[in-house]
Amino acid sequence: MKTLAVLSRKGGTGKTTVSLHLAVAAWLGGRGVLLADCDRQGSASEWRRERRIGGPVVFGAKSPALFATQQAARRAGRDLMIVDTSPSASEDLADAVRCADFCLMVLRPSFLDVRAVRETAELVTRFGKPGAFVINQAPPRRGGREMACVGDTVAQLSTMGRPILPIGLRARIAYQQAIGLGLSVQEASPGSAAAQEIGGLWRAVEEQMWPVPVEVEEAV
Ligand SMILES: Nc1ncnc2c1ncn2[C@@H]1O[C@H](COP(=O)(O)OP(=O)(O)O)[C@@H](O)[C@H]1O
Ligand SMILES: [Mg+2]
C-alpha cells in the first residue's frame, strides 16, 4: 500500500477537492482506497455523507494516529491511502509527510500561495520524501494564452527543485457542483473538461507513485 499526502499550509487552496477527486479516480481505476480526513472541519467526511453510492472509504483520522490508520489500512488490504490534511498545525503536516510515499503540494496561482508553499516544500525535503506541486483554480486561458499569474507561479515554483505536475485544475464550477452531490466530476459530468483534468491528474500522480520499471535489455 502507498500513501499520498495532499498538503498546503493555507486553507482554501483545494486540498479536499483534489484529495476526494483523486480518491474517486483511483477507486474507479480499481484501487482499494482509504481517504484519511485529517482536517478537523471534516469536509471530506461531509462529502462522503452526501454520497449515495459506493466509493472510497473516508475515515476521520487524527494526525498523531495517522501511522496506526496507515497500518490498519495496510492490514485491510488497501492499495492507497490519501491523506487530506488540515491547513493549520505544522505538527499535523509533519505527521502526514512522515507517513507519505508521495507528497502533493496544492496551491493556487497567487503570490501568497506561492510564498506559503515554499515552507511546505522545505518540510517535504527535510523528511526526504518525493513530491510535486499541483496548481489548482487556474483561471481560464484568454485568447489561447495563460494569464500572467500562471506563468509567474510556474516560474517561482521551478526554483524550488520539485516537479510541477503537467496537469493542473482550472477554476470550474463543476468541481463545486459535484462535491455538493457527494460525487466526483468524473461521475457528475463524465467527458467534461473537469473530468478530463482529473483523469489526467490521477494518471500523472499514478506515474509518480507507481513508476513503470524501465526494461533493461539483457546484454548478449
Ligand atoms: N478547481 C476549482 N474550481 C472551482 N472551485 C474550487 C476548485 N478547487 C477548490 N474549489 C473551491 O474552493 C473552496 C476551497 O476548496 P477546498 O478543496 O475545500 O480547499 P482546502 O481543503 O484546501 O481548504 C471550496 O469551496 C471548493 O469548492
Ligand atoms: Mg480541506
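Numbers here simply count residues along the sequence, with the first being 1. Order of listing sets the numbers, starting from 1, for every ligand and every atom in it. For the numbers below, each heavy atom of this structure counts, side chains included, while hydrogens, waters and symmetry mates do not.
- Counting heavy atoms from C-beta on, the side chains of Gln186 and Leu28 come closer than 4.5 Å.
- Listed by number with element, the atoms of ligand 1 under 4.0 angstrom from any heavy atom of Asn136 are 1 (N), 2 (C), 7 (C), 8 (N), 9 (C).
- In terms of polar-atom proximity, Gly12 is counted as a contact of ligand 1, with an N or O under 3.5 Å from an N or O of the ligand.
- In this model, a donor atom of one side chain and an acceptor atom of the other lie less than 3.5 Å apart for Gln70 and Thr3.
- Arg108 has a carboxylate O that lies under 4.0 Å from a charged side-chain N of Asp113, or vice versa, which qualifies the two as a salt bridge.
- Less than 4.0 angstrom separates some heavy atom of Gly14 from each of these atoms of ligand 1: 15 (O), 16 (P), 17 (O), 19 (O), 20 (P), 22 (O).
- Results of the side-chain hydrogen bond (donor to acceptor under 3.5 Å, both in side chains) test with Ser8 over Thr120, Thr13, Thr85 single out Thr13 as the only residue that passes.
- No hydrogens or angles considered: a donor-acceptor pair under 3.5 Å links the side chains of Thr125 and Arg162.
- Using a 4.0 Å threshold on non-hydrogen atoms, atom 25 (O) of ligand 1 does not count as touching the protein.
- Atoms of ligand 1 found under 4.0 Å from any heavy atom of Lys15 (numbered from 1 in listed order, with element): 17 (O), 19 (O), 20 (P), 21 (O), 22 (O), 23 (O).
- Between Ser8 and ligand 1, no N or O atom pair is found at a separation short of 3.5 Å.
- In this structure, Arg170 has a heavy atom closer than 4.0 Å to ligand 1.
- Polar contact check, Asp84 against ligand 1: no nitrogen or oxygen pair lies under 3.5 Å apart.
- Residue, atom and distance of the protein heavy atom nearest to atom 12 (O) of ligand 1 are Gln137 NE2, 3.7 Å.
- In summary, Thr16 places an N/O/S atom under 2.8 Å from the Mg ion (ligand 2), meeting the contact criterion.
- Scanning the protein for heavy atoms near atom 4 (C) of ligand 1, the closest one is Arg172 O, 3.1 Å.
- Between Arg40 and Asp92, at least one side-chain N (NZ, or NE/NH1/NH2) sits under 4.0 Å from a carboxylate O, which counts as a salt bridge.
- At the top of the distance list for atom 5 (N) of ligand 1, counting protein heavy atoms only, stands Gln176 NE2, 2.8 Å.
- Taking 4.0 Å as the cut-off, Ser43 does not count as a neighbour of ligand 1 on heavy-atom distance.
- Asp37 and Ser45 are linked by a side-chain donor-acceptor pair at a separation below 3.5 angstrom, with hydrogens and angles left out of the test.
- With hydrogens left out, the protein atom closest to atom 17 (O) of ligand 1 is Thr17 OG1, 2.6 Å, a heavy atom.
- In terms of hydrophobic clustering, with Ile, Leu, Val, Met, Phe, Trp and Tyr side chains grouped at heavy-atom distances under 4.5 Å, Ile198 and Ile167 are assigned to a common cluster.
- Between Glu197 and Arg203 there is no salt bridge, since no side-chain nitrogen of the basic residue lies less than 4.0 Å from a carboxylate oxygen of the acidic one.
- Residue contacts with ligand 1: Thr16 is placed with a nitrogen or oxygen under 3.5 Å of a nitrogen or oxygen of the ligand (distance criterion only).
- With hydrogens and angles disregarded, a donor-acceptor distance shorter than 3.5 Å links the side chain of Trp47 to the backbone of Leu183.
- The ligand atoms of ligand 1 that sit less than 4.0 angstrom from a heavy atom of Tyr175 are 1 (N), 2 (C), 3 (N).
- A salt bridge links Glu187 with Arg51; the closest basic N to acidic carboxylate O contact falls under 4.0 Å.
- The nearest protein heavy atom to atom 14 (C) of ligand 1 is closer than 4.0 Å.
- Put simply, no part of Ile179 is less than 4.0 Å from ligand 1, judged by heavy atoms.
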